[in-house]
Amino acid sequence: MIPVTQPFLPTKEEYQKYLEGIWKRNWLTNMGPLASQLEMELKDHLKVNHLLFVTNGTVAIQMAIKALGIKGEVITTPFSFIATTSSIVWEGCTPVFVDIDQSSLCIDAKKIEEAITENTTAILATHVYGNPCDVEAIDRIAKKYNLKVIYDAAHAFGVEINGKSIFEYGDISTCSLHATKLYHSIEGGLIITKDACLLKKLAHIRNFGISGFDSFSELGLNGKNSEFHAAMGLANLKYISQIHEKRKALTQLYDEKLKNLKAVKPVWHHNSKENYAYYAIVLESEELLLQLKTEMDKYEIFTRRYFYPSLASALPYLPKLELPITEDISQKVLCLPLYYDLTFEEIELIARIMLRIQNN
Ligand SMILES: *Cc1c(COP(=O)(O)O)cnc(C)c1O
């Protein structure tokens with residue numbers, strides 16, 4: 001069996017070492033020493049000034065919307081994971097979907113302006129598969145219309161653009177450290193902002209809005225994460241360059257073996273480098289996709305239609321809107337297995353089977 005993804009695990013001994021300290025201190029959660037250490041090490045690793053470790057990537061988006069006081073309409077992408085859209089609705093705002101760019105698969109910045117109304121207050125865009133949005137164009141539009149910008153950077157761990165972290169763009173960027181992601185803390189999320197005041201506000205929100213002994217500064221929730229999760233994050237961080245190198249090599253082998261497949265890959269932002277979070281391909285047709293997927297299922301090689309269906313046309317709590325490029329791409333996009341323990345032989349097998357099915 002070859003799953004589409006599999007979490008990276010450090011050795012048991014490495015995780016155990018952190019557990020010793022947890023048992024000694026008996027400090028299990030609430031901004032403990034390991035959570036603080038993880039925040040420090042991540043700031044250093046990612047070269048960002050401010051960062052919070054939170055419960056998960058979804059709560060991170062919800063906290064970002066709340067902290068920025070976003071109300072009314074939020075311009076967003078229909079080509080993302082459900083949490084991007086559901087967080088907007090959960091916070092009482094209205095998602096306004098803008099179609100994606102055919103080659104990057106991120107929101108099409110050229111189509112944002114025509115979607116702005118007097119009720120628009122923000123843009124929430126996803127760096128799809130870690131591929132940066134057109135951040136310069138989005139920044140320009142946000143300034144012109146006085147809009148807040150949040151980037152759902154759940155896939156973008158370690159991505160740099162113009163030589164700095166992609167997390168430094170927008171008012172707030174959020175990341176997911178879920179077990180299925182490139183780098184994980186079992187469950188977990190990150191909130192990054194350049195604004196120190198905003199970070200302080202977010203830190204209060206993370207802790208029920210408590211700002212001191214017996215005092216509250218704002219409406220909050222429980223966005224804290226535990227020492228056990230922080231320990232996994234710390235143990236995994238030691239392997240991050242190894243993880244990156246392995247995924248890069250696996251990706252390059254896929255590229256080579258699948259060069260005759262009737263499919264294209266998303267075009268990466270010209271000033272940025274891949275983080276190899278996913279191996280996504282857009283097939284020539286949905287028919288070919290279904291053929292490949294069904295056959296590979298028989299070999300227990302699991303692929304994932306990610307993202308499918310379009311969030312603009314599939315949610316029971318929103319009016320249906322068919323955006324042509326998103327509809328087309330979401331029907332033809334497929335993510336192939338990619339994870340640290342995947343072997344080169346497995347990729348050769350996957351590629352052989354795929355080409356055989358296509359050429360039949
Ligand atoms: C995984 C993911 C999320 C949600 O993160 P969780 O940590 O699972 O809550 C949000 N947006 C995107 C694009 C994701 O892939």
Side-chain angles (χ1 to χ4, degrees), residues 4-8 35 38 42 51-66 74-91 95 97-98 100 104-107 122-133 135 149-159 166-167 169-170 172-192 206 221-226 228-230 232-233 236 247 266 274-280 304-312 314-315 326 329-330 333-335 338-339:
V4 66
T5 187
Q6 187 170 285
F8 177 87
L38 180 62
L42 284 174
L51 162 157
L52 291 176
F53 178 47
V54 299
T55 323
N56 57 57
T58 307
V59 158
I61 301 170
Q62 291 165 3
M63 288 172 62
I65 294 172
K66 191 72 89 195
V74 178
I75 290 179
T76 191
T77 175
F79 192 68
S80 186
F81 182 61
I82 179 64
T84 317
T85 303
S86 65
S87 298
I88 295 172
V89 179
W90 195 262
E91 290 302 320
F97 293 107
V98 165
I100 57 169
S104 73
L105 309 189
C106 294
I107 195 167
I123 300 169
L124 170 44
T126 301
H127 301 306
V128 176
Y129 311 128
N131 187 15
C133 295
V135 288
V149 178
I150 299 171
Y151 287 113
D152 180 346
H155 296 176
F157 189 89
V159 171
I166 190 67
F167 293 156
Y169 286 81
I172 296 179
S173 288
T174 62
C175 187
S176 167
L177 306 187
H178 184 257
T180 54
K181 304 299 205 262
L182 167 77
Y183 163 73
H184 78 91
S185 62
I186 312 172
E187 289 273 1
L190 299 175
I191 299 184
I192 303 95
R206 176 175 66 174
L221 46 64
N222 182 355
K224 297 176 273 95
N225 210 332
S226 83
F228 294 81
H229 293 84
M232 184 60 81
N236 285 345
R247 283 174 170 268
E274 287 193 48
N275 65 345
Y276 311 104
Y278 296 89
Y279 196 89
R304 183 168 175 207
R305 303 187 75 178
Y306 190 70
F307 305 111
Y308 172 84
S310 159
L311 297 171
L315 301 181
T326 303
I329 297 285
S330 60
V333 74
L334 193 65
C335 285
L338 185 63
Y339 49 91

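Just so it is clear, the model here is predicted, and its values are computed rather than measured. Atoms within a ligand are numbered from 1 in the order they appear, just like the ligands themselves.
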Determine whether a donor-acceptor pair (N or O, by modelled atom type, separation under 3.5 Å) exists between the side chain of His155 and the backbone of Tyr129. yes
Sort out the contact shell of ligand 1: every protein residue with a heavy-atom distance below 4.0 Å, listed by chain and number. Asn56, Gly57, Thr58, Ser80, Phe81, Ala83, Thr84, Thr126, Asp152, Ala154, His155, Ser176, His178, Lys181, Gly188, Tyr306
Residues at least two apart in sequence or cross-chain that pass ring pair (Phe, Tyr, Trp, His ring centres under 6.0 Å) with Phe157, listed by chain then number, are His45, Tyr183
Less than 6.0 angstrom separating the ring centers of Tyr169 and Tyr151, yes or no? no
Applying salt bridge (charged side-chain N to carboxylate O under 4.0 Å, His left out) to Lys181 and not counting sequence neighbours gives none
Ala35 meets the side chain to side chain contact (heavy atoms under 4.5 Å, CB included) criterion, sequence neighbours left out, with Phe53, Glu227, Ala230
Can you check whether Ala154's main-chain N or O pairs, donor with acceptor, with Ser176's side chain at less than 3.5 Å? no
